[in-house]
Structure formats: C-alpha cells, structure tokens
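Structure in structure tokens, see below.
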There are 2 protein chains.
Amino acid sequence: MSSANGDLTARARIRDAAIELFAERGIAPATIRDIAERAGVSSGLLRHHFGSKDGLREACDEYAMSKMTEIRERMLGPNAMADPAILAAVHPAAMLLQSYLVRSMMEASSTSLFDAAMESGRVWLQHADHHPGDPDAYLAVLIAMKISMFLMRDQISQVLGQDMTTPAGHRRMLRASIEIFTLPMLTTEQGEQALKALDSLIGSTEREQS
Amino acid sequence: MSSANGDLTARARIRDAAIELFAERGIAPATIRDIAERAGVSSGLLRHHFGSKDGLREACDEYAMSKMTEIRERMLGPNAMADPAILAAVHPAAMLLQSYLVRSMMEASSTSLFDAAMESGRVWLQHADHHPGDPDAYLAVLIAMKISMFLMRDQISQVLGQDMTTPAGHRRMLRASIEIFTLPMLTTEQGEQALKALDSLIGSTEREQS
DNA sequence: TTGACGGCTACACGGGCGTGTAGTTCACTA
DNA sequence: TAGTGAACTACACGCCCGTGTAGCCGTCAA
C-alpha cells in the first residue's frame, strides 16, 4: 500500500495514492493533481485509467471494501464478524482503508456503505441479547459512534498528543471505547430520568418558542 | 434565527444565513456568494462587515457559543451542566447552532472547541462515579461519539427515513443514544475478552506484516 | 518494416471560488 | 447646507479545480 512502491502498475499506484489522500483530506479537498503527483504520474493518466474523479472514487470504494474483507478473512478466517475498528487497531493497511471508507461514507451521495453497515448490524442484533426499543435508530446511532473515532482522529490526536493513525494510538482509542461500552455511563434510573427531563423540557419549549 | 426575518440588521442576517449554510453544507462547501444571496445582500457587504470568509466564521463561532449558553441558562438556569444534544432535541435554534458548531469543530484548524468540551468533560468526570483507566482518551472518544450524531445526521436521516434535523427526529436519536449509554453492550467478561483478542492479534500481525 | 493501439504527457478551456477596488446612496453632524 | 463616513453594490482579478484534446512513445502482431 505504500506509495513508494515503484513495482506496482501505474494504475495501482494511482489508486493507492488516491486512497491515501482521500483518507487524509477527504474526497473533495483532495485534488486529482495532488493524487497524480503522489503517484508519480501525470493527471491525464488518472483520467485515462479511471475516466473521472468520481470514477476513481468508485474504484477506490470497490478496492477498499474487497481488501478489507480479504484482511478480515486472512486474520480471523471466513464468516468472522469483526468490528472494523479492531482490525484497524492491529493492521496498518486496514487502518488506512477504514479511514478512507469512512471519508467516502461521509461525502458520498448514496448511503450504500451505511446501508451495508446497518444490515450487518441487524444480523448482529439477532444474535445479541439486546432488544432495543427502536432497533434501527439504535443501530444507526451506534454505527455513527463507531465511525466517529475515524472521523475525528485529527482532533483526537491533537488533544491527546498522540497520532491516532498509528496502531498504538488507535489501540488506545479502542480501549477507551471498550470501556465506554462496558461500563454503563448512566444507571437505568438515570436513563429514565434523562428521558423524563427530555419530555418535560419539550413542554416548556412549546410554551415559549422564542 | 429565520432568514426570512427582514427586521434584523444586514449584519445579523448575514451571520444567521452563514450559520444556516455552514451547518447544512459544511464550512468550505458553503460559498460567500450563496450566503450573501440567502441573506439578501451582495457578497461585497459580507466582506465589508466581516473582512473575510474566515472572519465570518469566527464571528459565527462566537455568536453560536454565546447563544448556546444563553439558551441553556434560560432553560435550565445558570451553572447547569447539560448535554448540548438534549437542548438540541428540544429547542429548534439550539439544534441549528449545535449543528454549526460541530461543523466548525470538524473543519477548523484549531481545536479550541474540542478543548472546551474536554475541559467541561473533566469537571463532569470529577463528580461522576466513573474512574476510567485513561480519562483523556475516555473523554475524547466520548465527545467524538456525541458529536457524531450531528455529523452524520444526513446519513442517519436517510437510513431511518426521518429528518434528524427536526426536534422529533433528533429526540428519536437521543433516545437511542440514552439506551446505548444505559445498557452496556458488552459484559465485563466480553470487554476483557475483546482486549485480550486485541492483544493476541497484535502478535500475529507483527509476525506477518504483509 | 509497418501500422495500430494502449500507456502516458503537456497543455489549454471553462467555471467557480475568495478577494480586491471603485463607486453610489444615505443618514448624521458641524 | 456642505461634508463625512458607514452601508452597500457592481464588477473585475487571479487562482485552482475538473475536464477536454492533441500528440508522443513503446510494444507487438502481420
């Protein structure tokens, strides 16, 4: 995956450089000229191979997803249901790929990536001893929360003074998230209390409505 | 806050329009021409009042934060420590302001907004009966998770078929998040197991390292 | 040897962006 | 009443973006 690898075909180098830059800056801010430069080719060749910037993005989507499942199957065997965050904490390439996929998910017009995450969440819910009152909302928020760790890695890195892109940094983040998901932040009473406070606030707002 | 309000000064209308558009599209994709158009003024006037796009953003930051504390104090009294998400679920203006602040936090070069959230998180931790092993990482991830609900509202809205911008939609999301933070997703054993799996995977990766 | 074709480059085009500048209107004041 | 400055507009500049086009160079089959 390193862009310094000159053995790869130009097409592969472009694709790898694109995934790197898309992951670093986001889709829109990453320009095809910068991608071409990092790949060591002209920007025209990028067009020649992928047609357009969006075509390149689709190729990256496809490649990143297939590569992620390949890594998962190689590390955990087929049929394994593993959190992408765990792989990313362990495997450097998975980290990059997952960062890219999250960026793509954020800026894409379609929600196909999010839909896929929802679907695999539903089968997970079936095997779990959870029965949330609003399963879809529960899953959607949960997915958003997991994604957020990748989305805000720059801010988190700066605040914690450690690069969350590195396996070590990401592992630190992952440990914290496991802690969050293990020790409940609110007791059941506090949860009900929060919901009641919410409902009572609604009434007061409807009365004033600045 | 409505941009249809012609009673406000042009400066206020520009600022409100900017917050709306910044919140809708993000800072970079929102152009000063579109902001000026929504405010019903020329783009030059925007420059006249705020100097530059970045100056406008800073003015919006300042305004949004002061307005948020004003709303919080009006609804809950001073010295109240409330989750912004709760206010957003109840108060339409707070929803917009919080959406803007999250966008700004994501795209800003400085982490001052994130730092502020960390600081208020630390005082919360002191009064809580939590003692996470890595408090800073715990808080950073927690803040990222809360923010994610605003960050991914477009995707969540599309997946759930309901606009999360509306108080009703956001309330649905908030209920789900309360559920997540109340019922632990992992038992303590599962948590330890996950950490052990993590550590064992590290060894296997260091051995192969593709 | 020739011709065709894919890989590849150089460069120009059109558009949208933030920014800069000159000028107009208008309320207030000395 | 003349002057002064703030509010506001119109318009042009320069930059960078994705895209389009023309052409070069090597390989390989006929």
Side-chain angles (χ1 to χ4, degrees), chain A residues 3-64 100 103-104 106-110, chain B residues 3-64 100 103-104 106-110:
Chain A
S3 62
N5 192 340
D7 295 344
L8 297 172
T9 65
R11 188 187 157 91
R13 271 183 292 131
I14 292 172
R15 189 233 301 130
D16 290 351
I19 289 181
E20 287 180 21
L21 271 178
F22 284 156
E24 283 177 20
R25 308 183 192 172
I27 312 292
T31 70
I32 62 173
R33 284 175 173 83
D34 285 343
I35 294 171
E37 189 185 1
R38 180 171 293 203
V41 298
S42 74
S43 68
L45 186 59
L46 192 149
R47 257 184 86 63
H48 174 69
H49 279 301
F50 299 97
S52 69
K53 186 182 185 180
D54 207 61
L56 173 59
R57 205 187 63 86
E58 287 175 18
C60 289
D61 272 1
E62 199 171 340
Y63 175 80
Y100 164 75
R103 292 282 203 188
S104 181
M106 272 300 291
E107 297 189 34
S109 51
S110 85
Chain B
S3 62
N5 193 341
D7 294 344
L8 297 172
T9 65
R11 187 186 157 92
R13 270 182 291 130
I14 292 172
R15 187 234 301 129
D16 290 352
I19 289 180
E20 286 180 22
L21 271 179
F22 283 155
E24 282 177 22
R25 308 184 191 171
I27 312 292
T31 69
I32 62 173
R33 284 174 173 83
D34 285 342
I35 294 170
E37 189 185 1
R38 180 170 295 202
V41 300
S42 73
S43 69
L45 185 60
L46 192 148
R47 256 185 85 64
H48 173 68
H49 279 301
F50 299 96
S52 69
K53 187 182 183 180
D54 207 60
L56 173 60
R57 204 187 64 86
E58 287 176 17
C60 289
D61 273 1
E62 199 171 340
Y63 175 81
Y100 164 75
R103 292 281 204 189
S104 181
M106 273 299 291
E107 297 189 33
S109 51
S110 86

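All chains are named by letter (A, B, ...) in the order of the sequence lines, taking the proteins before the strands, and each is independently numbered beginning at 1. Atoms considered below: every heavy atom in the structure, side chains included; atoms not considered: hydrogens, waters and symmetry mates.
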Item to check | Sidechain-backbone polar pair: A:R38 side chain, A:A17 backbone, donor-acceptor under 3.5 Å | outcome: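 Answer holds: no.
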Checklist entry - Given atom CD1 of A:I14 and atom C1' of C:dG7, what is their separation to the nearest angstrom? => result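 To the nearest whole Å, that distance equals 10 Å.
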Checklist entry - Taking all non-hydrogen atoms of both residues, which atom of B:A30 and which atom of B:L21 are closest, and how far apart? => result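 Nearest pair, atom of B:A30 first, then B:L21: CB-O, 4.0 Å.
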Checklist entry - Out of D:dT9, C:dG18, C:dC8, which has the shortest distance to the side chain of A:S42? => result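 Per side-chain heavy atoms of A:S42, the pick is C:dC8.
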Item to check | A:L45 side-chain proximity, nearest of C:dC17, D:dT9, C:dC8 | outcome: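 Side chain of A:L45 sits closest to C:dC8.
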Checklist entry - In whole Å, what is the span from the CD1 atom of B:I32 to the C1' atom of C:dC17? => result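 In whole Å, C:dC17 C1' lies 8 Å from B:I32 CD1.
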Checklist entry - Think B:R103 forms a cation-pi with B:F22, using NZ or CZ under 6.0 Å from the six-ring centre and within 45 degrees of its axis? => result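 The answer is no, since B:R103 fails at least one limit relative to B:F22.
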Next on the checklist: Could you tell me how far apart B:R25 (CZ) and C:dC17 (C1') are, to the nearest whole angstrom?
Outcome noted: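 Going from B:R25 (CZ) to C:dC17 (C1'), I get 13 Å.
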Item to check | 5′-ward residue of the pair B:D54/A:R11 relative to DNA chain C | outcome: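 Closest to the 5' end, via its nearest nucleotide, is A:R11.
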Item to check | For atom CG of B:L46 and atom P of C:dG18, their distance in whole Å | outcome: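 Computing the B:L46:CG to C:dG18:P distance gives 9 Å.
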Checklist entry - B:I27 and B:K53: which non-hydrogen atoms are nearest, and at how many Å? => result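 Answer, listing the atom of B:I27 first, then B:K53: O-NZ, 3.2 Å.
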Next on the checklist: Rounded to whole Å, please give me the gap between CD1 in A:I35 and C1' in D:dC16.
Outcome noted: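 The distance from CD1 of A:I35 to C1' of D:dC16 comes to 15 Å, rounded to the nearest Å.
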Checklist entry - Taking OP1 and OP2 of C:dC8, is either one under 4.0 Å from a side-chain nitrogen or oxygen of A:H49? => result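 Yes, because at least one side-chain N or O of A:H49 sits under 4.0 Å from OP1 or OP2 of C:dC8.
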Checklist entry - Across the strands shown, which category fits A:R47 at heavy-atom distances under 4.0 angstrom: base, sugar-phosphate, nothing? => result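 Counting heavy atoms under 4.0 Å across all strands, the contact made by A:R47 includes a base.
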Checklist entry - Which nucleotide, D:dT9, D:dA7, C:dG6, lies nearest any side-chain atom of B:H48? => result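 For the B:H48 side chain, the nearest candidate turns out to be D:dA7.
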Item to check | Separation of atom CD in B:E37 from atom P in D:dC8, rounded to whole Å | outcome: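 Interatomic distance, CD of B:E37 to P of D:dC8: 17 Å.
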Checklist entry - Rounding to a whole Å, what distance do you find between A:L8:CG and C:dG7:P? => result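 Distance, rounded to whole Å: 16 Å.
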Checklist entry - Judged by modelled atom types alone, do B:S52 and B:R47 share a side-chain donor-acceptor pair under 3.5 Å? => result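 Not at all, the side chains of B:S52 and B:R47 share no donor-acceptor pair under 3.5 Å.
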Item to check | Interatomic distance, A:F50 CZ vs D:dG18 P [rounded to whole Å] | outcome: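 My rounded result for the distance is 15 Å.
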Item to check | A:K53 side-chain proximity, nearest of D:dG18, D:dT9, C:dC8 | outcome: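 Of all the options, the side chain of A:K53 is nearest to D:dG18.
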Checklist entry - Counting side-chain heavy atoms from C-beta on, which of D:dC8, D:dG18, C:dT19 comes nearest to A:R33? => result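 Looking only at heavy atoms from C-beta outward on A:R33, the closest nucleotide is D:dG18.
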Next on the checklist: Mind checking if B:A30 touches a base, just sugar-phosphate, or nothing, with heavy atoms under 4.0 Å?
Outcome noted: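 Sugar-phosphate, backbone atoms only, no base.
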